[in-house]
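Report on one structure; see the data block that follows.
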Amino acid sequence: MKNISFYIIGLLFLFLPQFIHAQTTDTDVNSFLDKAEKELYTNPQQAAYYATKARAMATSSSQQSQALYIYAQAEKLLGDFDGCIQALYEADALVSKNENDLKGHIYNLMSVGYCNLGDYTKAINLSDKAISLFGFR
């Protein structure tokens with residue numbers, strides 16, 4: 001009986017730090033995402049930094065796609081439309097099929113980016129995709 005309790009305590013010490021680290025990482029990612037959203041319109045360069053940190057720490061594709069979306073918004077505000085669109089394509093590849101709101105926002109921002117670049121046909125097609133994802137509520 002003594003050996004079994006020794007093994008249980010050993011396993012607890014082995015896996016407990018990993019569990020605590022995973023919870024801390026999610027909290028940190030959400031904190032960086034919140035900071036990025038707050039800084040977006042007042043300091044887009046700082047928002048891009050926070051979004052990049054959040055993406056690097058993210059453990060799920062949903063968090064990564066959200067970080068890329070915020071990063072793309074910051075790049076658009078900084079005037080880097082190519083970087084904005086590139087980040088949006090990466091976010092689109094990561095976002096799950098059931099996250100229609102985020103996917104719609106991604107397509108909408110892609111549409112704006114292509115308008116800024118002068119490709120209006122592509123912008124209209126992406127705008128139509130965004131509208132179809134939002135649907136009628």
Side-chain angles (χ1 to χ4, degrees):
M1 188 67 171
K2 207 174 197 182
N3 283 341
I4 293 174
S5 63
F6 177 73
Y7 287 121
I8 291 173
I9 291 172
L11 286 173
L12 222 128
F13 281 113
L14 182 66
F15 291 112
L16 188 62
Q18 293 174 351
F19 177 73
I20 291 171
H21 176 70
Q23 285 184 328
T24 304
T25 302
D26 284 345
T27 304
D28 291 343
V29 169
N30 290 333
S31 173
F32 278 119
L33 289 173
D34 288 341
K35 287 178 183 179
E37 286 180 342
K38 287 178 185 170
E39 293 287 331
L40 188 60
Y41 295 108
T42 55
N43 191 352
Q45 192 169 12
Q46 187 69 33
Y49 170 76
Y50 286 140
T52 302
K53 291 279 282 185
R55 182 178 181 216
M57 296 171 64
T59 56
S60 71
S61 61
S62 177
Q63 289 175 330
Q64 287 181 347
S65 59
Q66 187 176 4
L68 280 165
Y69 175 69
I70 295 170
Y71 177 80
Q73 287 178 309
E75 287 296 310
K76 179 188 152 295
L77 292 171
L78 292 169
D80 183 9
F81 303 116
D82 290 328
C84 169
I85 291 172
Q86 180 181 353
L88 290 169
Y89 276 112
E90 289 179 40
D92 184 38
L94 290 172
V95 71
S96 69
K97 295 179 196 259
N98 61 353
E99 290 184 272
N100 285 341
D101 278 350
L102 182 56
K103 202 169 209 33
H105 286 294
I106 289 169
Y107 288 150
N108 185 48
L109 191 57
M110 275 185 190
S111 174
V112 171
Y114 277 110
C115 275
N116 290 327
L117 293 173
D119 191 348
Y120 300 112
T121 305
K122 184 81 169 176
I124 290 170
N125 290 337
L126 287 164
S127 182
D128 288 342
K129 277 182 161 181
I131 290 169
S132 70
L133 286 171
F134 290 130
F136 294 101
R137 294 178 188 191

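Residues A72 and A87 share a closest heavy-atom pair of CB-CB, 3.9 Å. Taking each heavy atom of Y89 and K122 in turn, the nearest pair found is OH-CE, 3.4 Å. Here the shortest heavy-atom pairing between A67 and A54 reads CB-CB, 4.2 Å. Closest approach of H105 and F134 over heavy atoms only: N-CZ, 3.6 Å. Residues A51 and A36 come closest through the heavy atom pair N-CB, 3.9 Å. Closest non-hydrogen pair, L102 versus Q66, comes out as CD2-N, 4.2 Å.
Between V95 and S62 there is no side-chain heavy-atom pair separated by less than 4.5 Å. The shortest side-chain heavy-atom distance between I85 and L117 falls under the 4.5 Å cut-off. Residues Y50 and L33 have side chains not in contact (no heavy-atom distance under 4.5 Å, counting atoms from C-beta outward). Counting heavy atoms from C-beta on, the side chains of L133 and D101 never come closer than 4.5 Å.
The main-chain N or O of V112 is found under 3.5 Å from a side-chain atom of N116 such that the two form a donor-acceptor pair. The backbone N or O of A91 lies less than 3.5 Å from no partner atom in the side chain of S65, so there is not a single donor-acceptor pair. For Q63 (side chain) and T59 (main-chain N/O), a donor-acceptor pair under 3.5 Å exists by modelled atom type.
For the atom pair C115 SG and I124 CD1, the distance stands at 7.5 Å (nearest 0.5 Å). K129 contributes atom NZ, which lies 11.5 Å from atom CD1 of I106 (distance to the nearest 0.5 angstrom). In this structure, the separation between CG on L40 and CD on Q46 is 12.0 Å, given to the nearest 0.5 Å. Atoms CG and OG, on N100 and S132 in that order, are 8.5 Å from each other to the nearest 0.5 Å. Interatomic distance, SG of C84 versus CD of Q73, reported as 8.5 Å (0.5 Å rounding). With rounding to the nearest 0.5 angstrom, the CD1 atom of I70 is 4.0 Å from the CD atom of E37.
Linking ILVMFWY side-chain heavy atoms closer than 4.5 Å, directly or via other members, places F32 and L94 in two distinct hydrophobic clusters.
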Given the rule in the side-chain hydrogen bond (donor to acceptor under 3.5 Å, both in side chains) test, do Q64 and S61 qualify, once you have shown the distances and angles that lead to the verdict? CA-CA 5 Å; Q64 287 181 347; S61 61; over 6 Å; no
Does the pair L68 and D92 meet the rule for a side-chain contact (heavy atoms from CB on, under 4.5 Å), with working shown? CA-CA 9 Å; L68 280 165; D92 184 38; over 6 Å; no
Check the pair Y107, L88 against side-chain contact (heavy atoms from CB on, under 4.5 Å), reporting the backbone distance first and the verdict last. CA-CA 8 Å; Y107 288 150; L88 290 169; over 6 Å; no
Give the intermediate values and the outcome of side-chain contact (heavy atoms from CB on, under 4.5 Å) for residues V29 and R55. CA-CA 8 Å; V29 169; R55 182 178 181 216; over 6 Å; no
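Checked by atom type, the side-chain pair Y71/E75 shows a donor-acceptor distance below 3.5 Å.
Atom OH of Y49 has 12 or fewer heavy atoms from other residues, nucleotides or ligands within 6.0 Å.
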